[in-house]
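Let me begin by presenting the structure, written as structure tokens, before commenting on it.
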Amino acid sequence: LPVGAVLASERLARQPERIGAYLYANICRQALRVQADRYPPASGPVVWLGCPRGELHDVGLHVARLVLVRDGWSTRLLGQNCDLQTLAAAARRSTPAAVLLSVSRSLILHRQLGPLRELAAQVPTVLGGPGVTLADAEAIGAGAALGRADHLGAYLRDRLAQLDAR
């Protein structure tokens with residue numbers, strides 16, 4: 001949303017702390033994007049990063065992108081509110097090495113179990129964020145990146161190697 005639309009929102013006008021959080025998140029996104037863009041274009045495997053429909057908390061994706069770019073991965077930042085069925089269809093055509101989805105609330109995850117399973121059946125899928133548990137990820141057929149962000153590149157390499165070994 002443009003800043004003007006957010007500031008004009010009646011709901012936010014009654015909750016000024018939300019305006020501050022929104023502006024702070026945008027500053028963080030910008031700073032992380034600038035840092036990631038300082039690395040030369042990577043020739044490594046391509047990882048798509050997104051948030052499922054209903055998920056607007058994407059700062060974690062920007063952190064993940066920075067870590068992956070630093071480790072030599074190519075990334076495509078899809079952002080917030082991704083339609084998982086559209087994402088699965090695109091993955092059939094483009095075949096990324098992996099898809100990383102950030103989820104802040106388990107309710108968002110549980111509302112989309114079918115599309116998540118479809119996506120995970122087509123392309124290695126990794127879930128991360130506070131709305132994800134290991135049990136949820138396993139039930140979907142996905143990996144769970146629940147550790148430190150700076151270990152994400154190694155986790156993805158290990159996860160892809162495990163899937164290749166099957």
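Annotation: the span from Arg38 atom CZ to Arg33 atom CZ amounts to 14.0 Å, rounded to 0.5 Å. Put simply, OG1 on Thr75 and CG on Leu100 are 10.5 Å apart, with the number rounded to the nearest 0.5 Å.
Cluster partners of Leu66 are Leu32, Tyr39, Val59, Val63, Val69, counting Ile, Leu, Val, Met, Phe, Trp and Tyr whose side-chain heavy atoms approach within less than 4.5 Å, directly or via other members.
Of all heavy-atom pairs between Pro96 and Val123, the closest is O-CG2, 3.3 Å. Closest heavy-atom contact between Arg29 and Leu56: NH2-O, 4.0 Å. Looking at every heavy atom in both residues, Glu55 comes nearest to Ser102 through CG-O, 3.5 Å. Across all non-hydrogen atoms, the minimal contact from Gly50 to Cys82 is CA-SG, 4.1 Å. Residues Gly54 and Arg105 approach most closely at O-NH2, 3.7 Å, considering heavy atoms. Of all non-hydrogen atoms in Ala97 and Leu160, the two that sit nearest each other are O-CD2, 3.3 Å.
The neighbour count for Arg92 CZ, taken as heavy atoms of other residues, nucleotides or ligands under 6.0 Å away, is above 12.
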Determine whether Ser106 and Thr133 satisfy the following criterion, side-chain contact (heavy atoms from CB on, under 4.5 Å), listing intermediate values before the conclusion.
CA-CA 8 Å; Ser106 62; Thr133 66; over 6 Å; no
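Using a distance-only test at 3.5 Å, with no hydrogens or angles considered, a donor-acceptor pair links the side chain of Tyr155 to the main chain of Ala144. Remark: the backbone N or O of Gly44 is paired with a side-chain donor or acceptor of Ser74 at under 3.5 angstrom. Not one N or O on the side chain of Gln85 forms a donor-acceptor pair closer than 3.5 Å with the backbone of Pro115.
Residues Leu127 and Leu119 fall within the same hydrophobic cluster, defined by Ile, Leu, Val, Met, Phe, Trp and Tyr side chains chained together at heavy-atom separations under 4.5 Å. The same ILVMFWY cluster, assembled from side-chain heavy atoms under 4.5 Å apart, contains both Leu78 and Leu101. A chain of hydrophobic side-chain contacts below 4.5 Å, direct or via other Ile, Leu, Val, Met, Phe, Trp or Tyr residues, connects Leu134 to Val132. Using a 4.5 Å cut-off between side-chain heavy atoms of Ile, Leu, Val, Met, Phe, Trp and Tyr, with links allowed through other members, Leu156 and Trp48 fall into different hydrophobic clusters.
Between Leu49 and Leu68 there is a side-chain heavy-atom pair separated by less than 4.5 Å. Val126 is not listed as a side-chain neighbour of Val47, based on a closest heavy-atom distance of 4.5 Å or more.
Checked against Val103 for a side chain to side chain contact (heavy atoms under 4.5 Å, CB included), the options Asp136, Leu116, Ile108 give a single hit: Ile108. Results of the side chain to side chain donor-acceptor pair (under 3.5 Å) test with Arg53 over Asp83, Thr86, Asn81 single out Asp83 as the only residue that passes.
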